[in-house]
Colleague: 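Sharing a structure here in structure tokens format.
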Amino acid sequence: MGSVTFLYIYIIWLITSVGAQVISARVGSTAVLPCELSNTSKPTVYIQWRTDFAVVFERTRRNLYQGERYTGRVYVPEKQLLKGNCSLVLKNVWFDDAGVYYSYLFVKRRKRSVTRFIQRVELEVYG
Ligand SMILES: *[C@@H]1O[C@H](CO)[C@@H](O)[C@H](O)[C@H]1NC(C)=O
Ligand SMILES: *[C@@H]1O[C@H](CO)[C@@H](O)[C@H](O)[C@H]1NC(C)=O
């Protein structure tokens, strides 16, 4: 019984970790966290990158926002975005930038703007 549960958890872990993209970056370098809009989504420049704890970068109709810890270090080139490339550029990587990042698309639903998940990227930082 116990080993069946264990096997089940192991399979779930395998499935979820296969889809994860891992990027390694040296401290002080510039990391590019890959992101690609699917062929079916309309071109947009309104996107968001976040971690489990904070918003890293956001471009909405109203403003451009860089998270407190990321000020002056993050951007998503608009020209690339219009080509469907939503990769995040993170300059001067720190050890505590390591972690999981998620990208979202802002889409209009009725009169509200909602986020739609695009991609998950894990960043590893080495010295
Ligand atoms: C989207 O996919 C279709 C079918 O795979 C392809 O013909 C088309 O060129 C693609 N469009 C873009 C913008 O990549
Ligand atoms: C996507 O954008 C990133 C950041 O600007 C860039 O480094 C990368 O080369 C681009 N990828 C493609 C396929 O254009």
Side-chain angles (χ1 to χ4, degrees):
M1 194 49 175
S3 63
V4 169
T5 307
F6 190 76
L7 183 67
Y8 180 71
I9 289 170
Y10 178 68
I11 288 168
I12 295 288
W13 175 81
L14 263 187
I15 290 169
T16 51
S17 55
V18 160
Q21 245 177 314
V22 181
I23 295 295
S24 290
R26 183 187 289 277
V27 162
S29 72
T30 296
V32 176
L33 306 189
C35 171
E36 208 178 318
L37 294 178
S38 80
N39 190 350
T40 52
S41 8
K42 265 195 258 171
T44 178
V45 294
Y46 305 119
I47 61 145
Q48 181 189 71
W49 273 91
R50 55 178 305 130
T51 64
D52 286 324
F53 314 105
V55 171
V56 175
F57 176 92
E58 186 177 84
R59 185 189 273 112
T60 64
R61 232 162 267 271
R62 290 207 195 90
N63 65 357
L64 196 71
Y65 172 81
Q66 295 178 322
E68 215 176 292
R69 293 185 50 236
Y70 307 92
T71 307
R73 298 198 296 134
V74 282
Y75 64 103
V76 178
E78 204 168 325
K79 236 195 214 158
Q80 294 290 342
L81 260 178
L82 290 170
K83 288 194 280 184
N85 178 357
C86 41
S87 304
L88 179 79
V89 180
L90 175 59
K91 291 194 285 190
N92 193 15
V93 169
W94 304 338
F95 277 116
D96 44 0
D97 288 333
V100 180
Y101 291 74
Y102 308 90
S103 51
Y104 292 88
L105 195 64
F106 286 109
V107 289
K108 263 214 145 134
R109 188 76 40 82
R110 307 247 163 86
K111 292 215 164 122
R112 295 173 44 221
S113 185
V114 297
T115 54
R116 189 200 292 155
F117 174 68
I118 313 168
Q119 229 149 292
R120 175 189 190 277
V121 181
E122 193 177 333
L123 177 65
E124 283 178 353
V125 181
Y126 59 91

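What you see below is based on every heavy atom in this structure, not just the backbone, and it leaves out hydrogens, waters and symmetry mates. All residue numbers refer to positions in the sequence shown, counting from 1. Indexing begins at 1, ligand by ligand and atom by atom, following the structure's order.
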Colleague: Would you verify whether the NZ or CZ of R69 falls within 45 degrees of the ring axis of W94 while also being under 6.0 Å from that six-membered ring's centre?
Modeller: no
Colleague: Applying salt bridge (Lys or Arg N to Asp or Glu O under 4.0 Å), name anything that partners R59, two or more places apart in sequence or on another chain.
Modeller: E78
Colleague: Atom CZ of residue position F53 - does it have more than 12 heavy atoms of other residues, nucleotides or ligands inside 6.0 Å?
Modeller: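 Counting neighbours around CZ of F53, 12 or fewer heavy atoms of other residues, nucleotides or ligands fall under 6.0 Å, so no.
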Colleague: Mind jotting down which residue pairs meet the disulfide bond (SG atoms under 2.5 Å apart) criterion with at least one end in residues 68-110? Sequence neighbours excluded, please.
Modeller: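 Applying disulfide bond (SG atoms under 2.5 Å apart) to every pair that reaches into residues 68-110, excluding sequence neighbours, yields C35-C86.
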Colleague: Considering only heavy atoms of P77, which atoms of ligand 2 have at least one such atom less than 4.0 Å away?
Modeller: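 Result: 5 (O).
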Colleague: Quick one: does atom 9 (O) of ligand 2 have a protein heavy atom under 4.0 Å from it?
Modeller: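 No.
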Colleague: Which option, V89, N85, L33, L88, owns the non-hydrogen atom nearest atom 1 (C) of ligand 2?
Modeller: N85
